[in-house]
Amino acid sequence: MRLEQILFTQGFGTRHECKGLIVNGHVTINQTVVEDPQSDFDVNGLIFSVDGVNWPYVEKAIIAMNKPAGYECSRKPLHHPSVLSLLPAPLRNRGVQPVGRLDEDTTGLLILTDDGALIHRLTHPKKHVSKIYRVTAKHAMTQEMFGRLLEGVMLDGEREKVAADDLVQIDDHVFEMQITQGKYHQVKRMVAAVGNRVSALHRVALGNYHLPDDLTASKWRFIRREELI
C-alpha cells in the first residue's frame, strides 16, 4: 500500500494533509525518513512513526481504555467531556466509537472501535456477551440480597426478571457481578431492586478481555479481536 494511503486510512488527515506530512519529513519507517508519498509498503506488521510517535497499521482499530469518571461515552456530550477526547486525533478521525456506554460516573474497561461488525457482535442481546462489574454498595450487602440478585429481580419496564449470572463477594460492601444483558443502568437498578444503592461502579471485563492491572485510568491500548471473543 502506498504510504500516502496508509496514513489516510489510519486517520492522519485528508490525502493532501497526509502527503504534506510525508514530503515534509514527518514520517519514519524502520528509523528512516520517507519523503515519497508513493512509496509502497507491506502493511502486515507495519509500524510507522509520525513526529516521533510509533503507530501500528491496523485495518480496524480496537482499543481498550480504562475509563475515568467524569467522561461521557458520546460524540456529542451534554454535561461532561467526551471519552473520545482522551484519544489522539488520528483515532478520533478514523471514527472509533464506544462499544456500549458507561455512565459518566462509571469507571473501568471501555472498548472502542471502528469495526461495525464487532460492535454488533459485542452489543446484540442475542449474543449474550459477558460483562463483569465491581460494585461498591452504599449499605452492607446481605446473603438475602445476593440470593435475590442471582434468582432475578423485576425492573421497571421489563416483562421478565433480570438475574446476575454470577456473584463474587469481596467484602460487606464490595462484590463483582457478571451479567450478559445490557439494559439501561442495569446494575444500579438491580441493586436498587434488592434494597441497596450503588455508590461506585467499575467494569473489569467484557467478553474474554479483562482490564489489565497496568492499564491505569485514562490510558488506552490497541488489542486484537481474538482477545475479546
Side-chain angles (χ1 to χ4, degrees), residues 8-14 17 53 55 58-136 155-158 162 177-192 197-212 215-225 227-229:
F8 177 71
T9 63
Q10 302 302 289
F12 283 87
T14 65
E17 290 169 337
V53 178
W55 292 87
V58 287
E59 183 176 358
K60 295 293 183 180
I62 307 173
I63 296 159
M65 175 188 286
N66 187 346
K67 176 190 174 293
Y71 288 83
E72 295 182 24
C73 293
S74 173
R75 285 189 169 275
K76 297 180 180 179
L78 297 176
H79 306 293
H80 303 274
S82 170
V83 70
L84 295 170
S85 67
L86 297 172
L87 296 175
L91 292 175
R92 300 196 303 271
N93 292 341
R94 63 182 292 170
V96 299
Q97 58 182 301
V99 178
R101 294 192 175 189
L102 296 180
D103 295 339
E104 170 273 326
D105 59 348
T106 300
T107 61
L109 178 61
L110 180 66
I111 302 298
L112 305 101
T113 184
D114 57 1
D115 187 337
L118 178 60
I119 293 174
H120 180 268
R121 174 66 179 81
L122 293 173
T123 59
H124 196 285
K126 292 185 178 180
K127 299 301 183 180
H128 303 293
V129 175
S130 170
K131 295 168 281 286
I132 301 176
Y133 293 86
R134 183 171 298 124
V135 184
T136 302
L155 303 180
D156 289 343
E158 302 296 333
V162 178
M177 178 191 294
Q178 179 177 337
I179 59 175
T180 52
Q181 311 93 342
K183 300 184 184 299
Y184 180 70
H185 289 170
Q186 181 175 337
V187 174
K188 294 178 180 178
R189 293 163 67 201
M190 289 178 68
V191 173
R197 180 179 177 182
V198 172
S199 59
L201 191 60
H202 182 80
R203 185 156 69 186
V204 297
L206 174 66
N208 296 326
Y209 191 82
H210 287 249
L211 184 67
L215 192 62
T216 55
S218 301
K219 300 302 182 182
W220 62 274
R221 66 180 51 162
F222 287 111
I223 63 173
R224 295 176 291 106
R225 182 187 178 99
E227 295 180 81
L228 276 168
I229 53 177

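Since this is a predicted model, take the numbers as computed values, not measurements. No hydrogens, no waters, no symmetry mates; every other heavy atom, side chains included, goes into these values.
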Flag the pair Glu104 / His79 as yes when at least one side-chain heavy-atom distance between them is below 4.5 Å, and no otherwise. no
Check the surroundings of atom CZ in Arg225: do more than 12 heavy atoms from other residues, nucleotides or ligands lie under 6.0 Å from it? yes
Quick check: are there more than 12 heavy atoms from other residues, nucleotides or ligands sitting under 6.0 Å from NZ of Lys60? yes
Taking atom CE of Met190 and atom CD of Gln181, what is their separation to the nearest 0.5 Å? 7.0 Å
Pairwise side-chain contact, Arg203 with Leu211, heavy-atom cut-off 4.5 Å (strictly under): no
Does Arg94, at its CZ atom, have more than 12 non-hydrogen atoms belonging to other residues, nucleotides or ligands within less than 6.0 Å? yes
Nearest atoms (heavy-atom pairs only) where Ser74 meets Ser82: O-OG, 2.6 Å
Looking at Leu122, Leu228, Asn208, which hits side-chain contact (heavy atoms from CB on, under 4.5 Å) with Val129? Leu122
Measure the CG-OG1 distance between Asn66 and Thr216 for me, rounded to the nearest 0.5 Å. 7.0 Å
Any side-chain heavy-atom pair from Trp220 and Leu86 closer than 4.5 angstrom? no
Go through it in stages, so that I can follow the logic: the residues are Tyr133 and Val204, the test is side-chain contact (heavy atoms from CB on, under 4.5 Å), and I'd like the CA-CA distance, side-chain angles, deciding distance and then a yes or no. CA-CA 6 Å; Tyr133 293 86; Val204 297; over 6 Å; no
Note: Ile223 and Ala64 closest approach over all heavy atoms is CG2-CB, 4.0 Å
Got a sec, which pairs hit ring pair (Phe, Tyr, Trp, His ring centres under 6.0 Å) with one end in residues 106-129, sequence neighbours left out? His120-His124
Would you say the side chain of Val53 lies within less than 4.5 Å of the side chain of Pro88, judging by non-hydrogen atoms? no
What closest approach, in Å, do Ser85 and Arg92 show between heavy atoms, and which atom pair accounts for it? O-NH1, 4.3 Å
With Lys188, which residues qualify under side chain to side chain donor-acceptor pair (under 3.5 Å), at least two apart? Asp103, Asp105
Note: Leu109 and Tyr209 closest approach over all heavy atoms is CD2-O, 3.5 Å
Using every non-hydrogen atom in the two residues, find where Thr123 and Gly100 come nearest and quote the distance to one decimal. CG2-N, 4.0 Å
Should Leu118 and Ile229 be marked as a side-chain contact (heavy atoms from CB on, under 4.5 Å) after you check the CA-CA gap, both sets of side-chain angles, and the distance that decides it? CA-CA 9 Å; Leu118 178 60; Ile229 53 177; 3.9 Å; yes
With heavy-atom distances below 4.5 Å as the criterion, would you say the side chains of Val96 and Asp114 are in contact? yes
To the nearest 0.5 Å, what is the distance between NZ (Lys67) and CG (Leu102)? 6.0 Å
Could you give the distance from CD1 (Ile132) to CE (Met177), rounded to the nearest 0.5 Å? 12.0 Å
Nearest heavy-atom approach of Glu17 to Gly13 is OE1-CA, 3.1 Å
Separation of Met65 CE from Thr107 OG1 (nearest 0.5 Å): 13.0 Å
Would you give the length of the straight line joining atom CG of Leu91 to atom CD1 of Ile63, rounded to the nearest 0.5 angstrom? 4.0 Å
Pair Asn93, Gln10 - check side-chain contact (heavy atoms from CB on, under 4.5 Å), show working. CA-CA 8 Å; Asn93 292 341; Gln10 302 302 289; over 6 Å; no
Tell me, which pairs form a ring pair (Phe, Tyr, Trp, His ring centres under 6.0 Å) where one or both residues lie in residues 94-114, sequence neighbours left out? none
Identify the residue among Thr136, Val191, Thr106 that makes a side-chain contact (heavy atoms from CB on, under 4.5 Å) with Leu201. Thr106
Check step by step if side-chain contact (heavy atoms from CB on, under 4.5 Å) holds for Leu84 and Leu112. CA-CA 9 Å; Leu84 295 170; Leu112 305 101; 3.6 Å; yes
